[in-house]
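Scroll down for the structure; my scribbles are underneath it.
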Amino acid sequence: QGRKVLFRCFNRRLADHLRLSYQQENLTILNFHQWCYEQAVKFNVPHESGAWIDPDSIEAKSLPASYFEIALPSVLSKVPERFDALLIDELQDFTPYWLQMALTCLNDAEHDPLIVAIDGHQNIWGHIQELPPNLLVLPLYENVRNAKPIFERIAHQFPECCMSSQSSAFGEFVRVHTDSTNLSTVLPIFETIIQDLLNKGTPVDQIVLLSGVLNKFSILKGIKEIAGQKLEYRISEGGLLSTNVLRFKGLEKPIVILY
(Lines give C-alpha, C1' and ligand atoms only; values in the text may rest on other atoms or scores of the structure.)
Protein backbone atom coordinates (compact mmCIF):
# COMPACT_ATOMS: atom_id res chain seq x y z
CA GLN A 1 0.00 0.00 0.00
CA GLY A 2 3.04 2.26 -0.08
CA ARG A 3 2.96 2.95 3.66
CA LYS A 4 6.11 3.87 5.57
CA VAL A 5 6.26 1.11 8.20
CA LEU A 6 8.22 0.88 11.44
CA PHE A 7 8.75 -2.53 13.07
CA ARG A 8 9.89 -2.51 16.67
CA CYS A 9 10.90 -5.32 19.01
CA PHE A 10 12.78 -5.48 22.30
CA ASN A 11 15.43 -8.01 21.31
CA ARG A 12 18.41 -6.75 19.29
CA ARG A 13 19.29 -10.09 17.72
CA LEU A 14 15.74 -10.67 16.56
CA ALA A 15 15.69 -7.20 14.98
CA ASP A 16 19.00 -7.91 13.21
CA HIS A 17 17.66 -11.22 11.90
CA LEU A 18 14.41 -9.70 10.62
CA ARG A 19 16.19 -6.76 9.00
CA LEU A 20 18.38 -9.15 7.01
CA SER A 21 15.36 -11.28 6.08
CA TYR A 22 13.05 -8.45 4.96
CA GLN A 23 15.01 -5.79 3.16
CA GLN A 24 12.20 -3.74 1.67
CA GLU A 25 11.73 -0.11 0.80
CA ASN A 26 9.70 1.89 3.34
CA LEU A 27 10.27 -0.77 6.03
CA THR A 28 12.44 0.10 9.05
CA ILE A 29 13.30 -2.68 11.53
CA LEU A 30 15.23 -1.93 14.71
CA ASN A 31 15.07 -2.92 18.32
CA PHE A 32 13.53 -0.30 20.56
CA HIS A 33 16.56 1.24 22.27
CA GLN A 34 18.73 1.17 19.15
CA TRP A 35 16.01 3.08 17.30
CA CYS A 36 15.88 5.68 20.09
CA TYR A 37 19.65 6.06 19.98
CA GLU A 38 19.84 6.42 16.19
CA GLN A 39 17.09 9.03 16.25
CA ALA A 40 18.92 10.99 18.97
CA VAL A 41 22.11 11.03 16.90
CA LYS A 42 20.39 11.70 13.58
CA PHE A 43 18.48 14.74 14.84
CA ASN A 44 21.10 15.98 17.33
CA VAL A 45 18.80 15.75 20.33
CA PRO A 46 20.59 17.39 23.28
CA HIS A 47 21.52 15.25 26.29
CA GLU A 48 22.31 16.48 29.77
CA SER A 49 25.68 14.70 29.83
CA GLY A 50 26.63 16.02 26.41
CA ALA A 51 26.44 12.84 24.34
CA TRP A 52 24.17 9.83 23.93
CA ILE A 53 25.67 6.40 24.58
CA ASP A 54 25.03 3.52 22.17
CA PRO A 55 22.88 1.05 24.16
CA ASP A 56 24.91 -1.86 22.75
CA SER A 57 28.29 -0.42 23.68
CA ILE A 58 30.50 -1.46 26.59
CA GLU A 59 30.04 1.99 28.12
CA ALA A 60 26.28 1.43 28.30
CA LYS A 61 26.75 -1.36 30.85
CA SER A 62 27.68 1.19 33.52
CA LEU A 63 24.75 3.52 32.83
CA PRO A 64 21.89 3.85 35.36
CA ALA A 65 18.60 2.11 34.59
CA SER A 66 16.95 5.50 34.13
CA TYR A 67 18.93 5.98 30.90
CA PHE A 68 17.10 3.05 29.32
CA GLU A 69 13.80 3.45 31.15
CA ILE A 70 13.22 7.18 30.60
CA ALA A 71 16.02 9.25 29.05
CA LEU A 72 16.62 7.33 25.82
CA PRO A 73 12.93 6.56 25.06
CA SER A 74 12.02 10.24 25.63
CA VAL A 75 14.02 11.07 22.48
CA LEU A 76 11.13 9.84 20.31
CA SER A 77 8.89 12.70 21.38
CA LYS A 78 11.55 15.21 20.32
CA VAL A 79 12.29 14.11 16.74
CA PRO A 80 10.33 14.84 13.53
CA GLU A 81 10.48 11.45 11.78
CA ARG A 82 7.05 9.82 11.49
CA PHE A 83 5.59 6.62 10.03
CA ASP A 84 2.28 5.48 8.54
CA ALA A 85 2.11 2.17 10.42
CA LEU A 86 3.70 0.68 13.54
CA LEU A 87 4.28 -3.00 14.37
CA ILE A 88 5.50 -4.01 17.83
CA ASP A 89 6.54 -7.55 18.63
CA GLU A 90 6.80 -8.89 22.21
CA LEU A 91 4.86 -5.96 23.65
CA GLN A 92 5.02 -7.58 27.08
CA ASP A 93 8.72 -6.57 27.15
CA PHE A 94 7.80 -2.87 26.81
CA THR A 95 7.05 -0.58 29.73
CA PRO A 96 3.90 1.58 29.40
CA TYR A 97 6.16 4.61 28.92
CA TRP A 98 8.02 2.95 26.03
CA LEU A 99 4.70 2.23 24.33
CA GLN A 100 3.64 5.82 24.87
CA MET A 101 6.84 7.07 23.24
CA ALA A 102 6.58 4.53 20.41
CA LEU A 103 3.14 5.82 19.48
CA THR A 104 4.61 9.30 18.93
CA CYS A 105 6.32 7.87 15.83
CA LEU A 106 2.98 7.66 14.01
CA ASN A 107 1.69 10.49 11.85
CA ASP A 108 -1.77 9.98 13.31
CA ALA A 109 -1.74 7.84 16.47
CA GLU A 110 -5.54 7.59 16.50
CA HIS A 111 -6.02 6.35 12.94
CA ASP A 112 -2.73 4.92 11.59
CA PRO A 113 -2.44 1.10 11.72
CA LEU A 114 -1.00 -0.25 14.97
CA ILE A 115 -0.33 -4.00 15.20
CA VAL A 116 1.10 -5.54 18.37
CA ALA A 117 1.91 -9.08 19.48
CA ILE A 118 1.81 -9.83 23.20
CA ASP A 119 2.10 -12.99 25.31
CA GLY A 120 1.48 -12.70 29.03
CA HIS A 121 3.24 -16.01 29.66
CA GLN A 122 6.48 -14.43 28.44
CA ASN A 123 6.25 -11.36 30.67
CA ILE A 124 9.57 -12.00 32.40
CA TRP A 125 10.08 -8.31 33.32
CA GLY A 126 6.77 -7.94 35.13
CA HIS A 127 5.64 -4.88 33.19
CA ILE A 128 1.96 -4.05 33.62
CA GLN A 129 0.88 -3.42 30.07
CA GLU A 130 -2.42 -1.82 29.09
CA LEU A 131 -3.24 -2.12 25.43
CA PRO A 132 -4.10 1.07 23.57
CA PRO A 133 -7.87 1.65 23.32
CA ASN A 134 -9.90 0.52 20.31
CA LEU A 135 -7.51 -2.29 19.39
CA LEU A 136 -9.12 -5.35 17.84
CA VAL A 137 -7.88 -8.27 19.98
CA LEU A 138 -7.33 -11.53 18.10
CA PRO A 139 -6.38 -14.44 20.40
CA LEU A 140 -4.18 -17.03 18.69
CA TYR A 141 -5.28 -20.60 19.25
CA GLU A 142 -2.90 -22.36 16.84
CA ASN A 143 0.67 -22.98 17.90
CA VAL A 144 2.93 -22.89 14.85
CA ARG A 145 5.99 -21.79 16.78
CA ASN A 146 7.01 -25.06 18.37
CA ALA A 147 7.50 -28.59 17.11
CA LYS A 148 4.86 -31.01 18.40
CA PRO A 149 7.01 -32.65 21.13
CA ILE A 150 7.89 -29.22 22.54
CA PHE A 151 4.27 -28.07 22.38
CA GLU A 152 3.06 -31.16 24.20
CA ARG A 153 5.54 -30.54 26.99
CA ILE A 154 4.47 -26.88 27.21
CA ALA A 155 0.80 -27.87 27.30
CA HIS A 156 1.37 -29.75 30.57
CA GLN A 157 2.79 -26.60 32.14
CA PHE A 158 0.13 -24.22 30.79
CA PRO A 159 -3.10 -26.24 30.41
CA GLU A 160 -5.15 -23.04 30.35
CA CYS A 161 -3.72 -22.20 26.93
CA CYS A 162 -6.44 -23.38 24.57
CA MET A 163 -4.14 -24.00 21.63
CA SER A 164 -3.67 -26.84 19.20
CA SER A 165 -0.56 -27.86 17.29
CA GLN A 166 -2.14 -29.29 14.16
CA SER A 167 0.03 -27.16 11.90
CA SER A 168 3.26 -27.71 13.80
CA ALA A 169 6.06 -29.77 12.33
CA PHE A 170 6.91 -32.89 14.30
CA GLY A 171 10.61 -32.14 14.19
CA GLU A 172 13.50 -34.50 14.70
CA PHE A 173 14.08 -36.16 18.04
CA VAL A 174 16.67 -34.44 20.16
CA ARG A 175 20.10 -36.05 20.00
CA VAL A 176 22.00 -36.02 23.30
CA HIS A 177 25.76 -36.40 23.78
CA THR A 178 26.90 -36.87 27.37
CA ASP A 179 30.63 -36.64 26.81
CA SER A 180 33.01 -34.52 28.85
CA THR A 181 32.69 -30.75 28.61
CA ASN A 182 36.41 -30.42 27.88
CA LEU A 183 37.10 -28.60 24.63
CA SER A 184 39.31 -31.43 23.36
CA THR A 185 36.34 -33.80 23.64
CA VAL A 186 33.50 -31.50 22.62
CA LEU A 187 35.12 -29.87 19.59
CA PRO A 188 35.35 -33.08 17.52
CA ILE A 189 31.68 -33.76 18.27
CA PHE A 190 30.74 -30.29 17.02
CA GLU A 191 32.90 -30.81 13.94
CA THR A 192 31.14 -34.11 13.14
CA ILE A 193 27.60 -32.78 13.71
CA ILE A 194 28.09 -29.59 11.72
CA GLN A 195 29.92 -31.30 8.88
CA ASP A 196 27.10 -33.85 8.67
CA LEU A 197 24.54 -31.05 8.44
CA LEU A 198 26.56 -29.28 5.75
CA ASN A 199 26.89 -32.51 3.76
CA LYS A 200 23.08 -32.80 3.81
CA GLY A 201 22.82 -29.35 2.22
CA THR A 202 21.96 -27.39 5.36
CA PRO A 203 23.00 -23.71 4.98
CA VAL A 204 25.46 -22.76 7.70
CA ASP A 205 23.43 -19.68 8.59
CA GLN A 206 20.61 -21.98 9.74
CA ILE A 207 22.74 -23.39 12.59
CA VAL A 208 23.47 -21.91 16.01
CA LEU A 209 25.82 -23.06 18.78
CA LEU A 210 24.04 -22.10 21.98
CA SER A 211 25.81 -21.93 25.32
CA GLY A 212 24.36 -21.67 28.80
CA VAL A 213 26.94 -19.04 29.78
CA LEU A 214 28.20 -15.74 28.39
CA ASN A 215 30.49 -15.99 25.37
CA LYS A 216 33.51 -14.87 27.42
CA PHE A 217 33.04 -17.92 29.68
CA SER A 218 32.25 -20.39 26.89
CA ILE A 219 34.54 -23.34 26.23
CA LEU A 220 34.59 -22.11 22.62
CA LYS A 221 36.19 -18.81 23.59
CA GLY A 222 39.10 -18.21 21.23
CA ILE A 223 37.93 -20.74 18.63
CA LYS A 224 37.83 -19.08 15.20
CA GLU A 225 36.13 -21.77 13.12
CA ILE A 226 34.45 -25.17 13.29
CA ALA A 227 34.13 -27.58 10.36
CA GLY A 228 35.76 -24.94 8.20
CA GLN A 229 33.06 -22.39 9.07
CA LYS A 230 33.93 -19.05 10.63
CA LEU A 231 32.31 -18.46 14.02
CA GLU A 232 30.15 -15.34 14.19
CA TYR A 233 28.94 -13.69 17.38
CA ARG A 234 26.32 -11.47 15.75
CA ILE A 235 23.66 -12.40 13.23
CA SER A 236 25.07 -11.83 9.77
CA GLU A 237 24.73 -13.12 6.24
CA GLY A 238 26.72 -16.30 6.51
CA GLY A 239 28.94 -17.72 9.19
CA LEU A 240 28.22 -20.09 12.06
CA LEU A 241 26.47 -18.25 14.88
CA SER A 242 27.76 -18.84 18.42
CA THR A 243 25.80 -17.17 21.23
CA ASN A 244 24.16 -17.86 24.59
CA VAL A 245 20.66 -18.52 25.90
CA LEU A 246 20.43 -15.02 27.37
CA ARG A 247 20.56 -13.43 23.92
CA PHE A 248 18.96 -16.07 21.72
CA LYS A 249 15.30 -15.52 20.92
CA GLY A 250 14.37 -19.03 19.83
CA LEU A 251 13.17 -18.38 16.28
CA GLU A 252 16.38 -17.11 14.77
CA LYS A 253 17.79 -20.47 13.71
CA PRO A 254 15.98 -23.78 13.05
CA ILE A 255 18.92 -25.96 14.11
CA VAL A 256 20.17 -25.49 17.66
CA ILE A 257 23.23 -27.18 19.16
CA LEU A 258 22.97 -26.61 22.91
CA TYR A 259 26.04 -27.18 25.07
Side-chain angles (χ1 to χ4, degrees), residues 1-119 122-137 234-235 246-247 249:
Q1 299 178 359
R3 295 179 185 272
K4 185 180 179 183
V5 178
L6 175 62
F7 183 99
R8 293 272 189 80
C9 62
F10 179 71
N11 183 273
R12 172 65 184 268
R13 282 189 172 274
L14 178 60
D16 290 347
H17 171 70
L18 292 173
R19 189 166 55 255
L20 289 171
S21 301
Y22 301 98
Q23 299 181 30
Q24 299 181 25
E25 188 178 0
N26 291 332
L27 175 61
T28 300
I29 301 176
L30 280 170
N31 87 308
F32 180 70
H33 287 99
Q34 194 63 35
W35 172 249
C36 297
Y37 171 73
E38 291 194 8
Q39 289 285 283
V41 173
K42 179 178 180 179
F43 294 103
N44 296 312
V45 178
H47 186 260
E48 59 183 17
S49 67
W52 295 96
I53 304 299
D54 187 332
D56 292 317
S57 66
I58 296 177
E59 293 85 355
K61 295 182 179 179
S62 61
L63 293 173
S66 60
Y67 180 80
F68 302 95
E69 298 293 331
I70 302 296
L72 198 54
S74 71
V75 165
L76 300 179
S77 64
K78 304 171 185 177
V79 297
E81 187 161 9
R82 295 293 181 265
F83 292 81
D84 304 313
L86 173 62
L87 285 76
I88 302 178
D89 188 32
E90 310 285 10
L91 183 63
Q92 73 276 353
D93 292 337
F94 282 59
T95 70
Y97 182 67
W98 296 356
L99 176 58
Q100 177 187 343
M101 290 298 97
L103 292 176
T104 65
C105 295
L106 289 172
N107 284 306
D108 185 345
E110 291 188 10
H111 300 99
D112 285 339
L114 169 65
I115 300 174
V116 303
I118 183 170
D119 183 355
Q122 297 185 59
N123 187 6
I124 61 176
W125 306 108
H127 298 319
I128 299 174
Q129 192 60 264
E130 292 187 8
L131 295 177
N134 303 320
L135 275 186
L136 176 62
V137 179
R234 295 181 67 89
I235 291 179
L246 299 176
R247 304 189 67 184
K249 223 17 203 178

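Throughout, numbering of the chain's residues begins at 1 and tracks the sequence.
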Please round to the nearest 0.5 Å and tell me the distance separating atom [atom1] of [X] and atom [atom2] of [Y].
X: His33; Y: Glu69; atom1: NE2; atom2: CD; result: 6.5 Å
X: Leu18; Y: Gln23; atom1: CG; atom2: CD; result: 11.5 Å
X: Thr104; Y: Arg82; atom1: OG1; atom2: CZ; result: 5.5 Å
X: Glu38; Y: Leu30; atom1: CD; atom2: CG; result: 5.0 Å
X: Ile29; Y: Leu20; atom1: CD1; atom2: CG; result: 9.5 Å
X: Asn11; Y: His17; atom1: CG; atom2: NE2; result: 11.0 Å

**Study point:** Trp125 vs Phe68, ring pair (Phe, Tyr, Trp, His ring centres under 6.0 Å): CA-CA, chis, key distance, verdict
**Key:** CA-CA 14 Å; Trp125 306 108; Phe68 302 95; over 10 Å; no

With a 4.5 Å cut-off on side-chain heavy atoms, are [Y] and [X] touching?
X: Leu131; Y: Leu91; answer: yes
X: Val75; Y: Trp52; answer: yes
X: Trp35; Y: Leu6; answer: yes
X: Leu76; Y: Phe32; answer: yes
X: Phe43; Y: Lys78; answer: no

So does [Y] get a backbone contact from the side chain of [X], meaning a donor-acceptor N/O pair under 3.5 Å?
X: Arg3; Y: Phe83; answer: no
X: Asn31; Y: Cys9; answer: no
X: Gln92; Y: Asp119; answer: yes
X: Tyr67; Y: Ile53; answer: yes

I need the minimum non-hydrogen distance between [X] and [Y], along with the two atoms involved.
X: Asp54; Y: Tyr37; value: N-CE1, 3.4 Å
X: Leu106; Y: Asp84; value: CD2-C, 4.2 Å
X: Tyr97; Y: Ile70; value: CE2-O, 3.7 Å
X: Ser74; Y: Ser77; value: O-OG, 2.9 Å
X: Val79; Y: Gln39; value: CG2-OE1, 3.3 Å
X: Met101; Y: Pro73; value: CG-O, 3.4 Å

Exercise for review: Using the six-membered ring wherever Trp is involved, compare the ring planes of Phe10 and Trp98 and label them parallel, tilted or perpendicular (cut-offs 30° and 60°).
Suggested key: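 Parallel: the ring planes of Phe10 and Trp98 meet at under 30°.
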
Check your understanding: Is it the case that more than 12 heavy atoms not belonging to Ile58 sit under 6.0 Å from its CD1 atom?
Key ->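 It does not: Ile58 CD1 has 12 such atoms or fewer within range.
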
Exercise for review: Determine the sole option in Val5, Leu103, Asp112 for which the side chain to side chain contact (heavy atoms under 4.5 Å, CB included) test with Leu86 is passed.
Suggested key: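 Answer to the side chain to side chain contact (heavy atoms under 4.5 Å, CB included) test with Leu86 among Val5, Leu103, Asp112: Leu103.
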
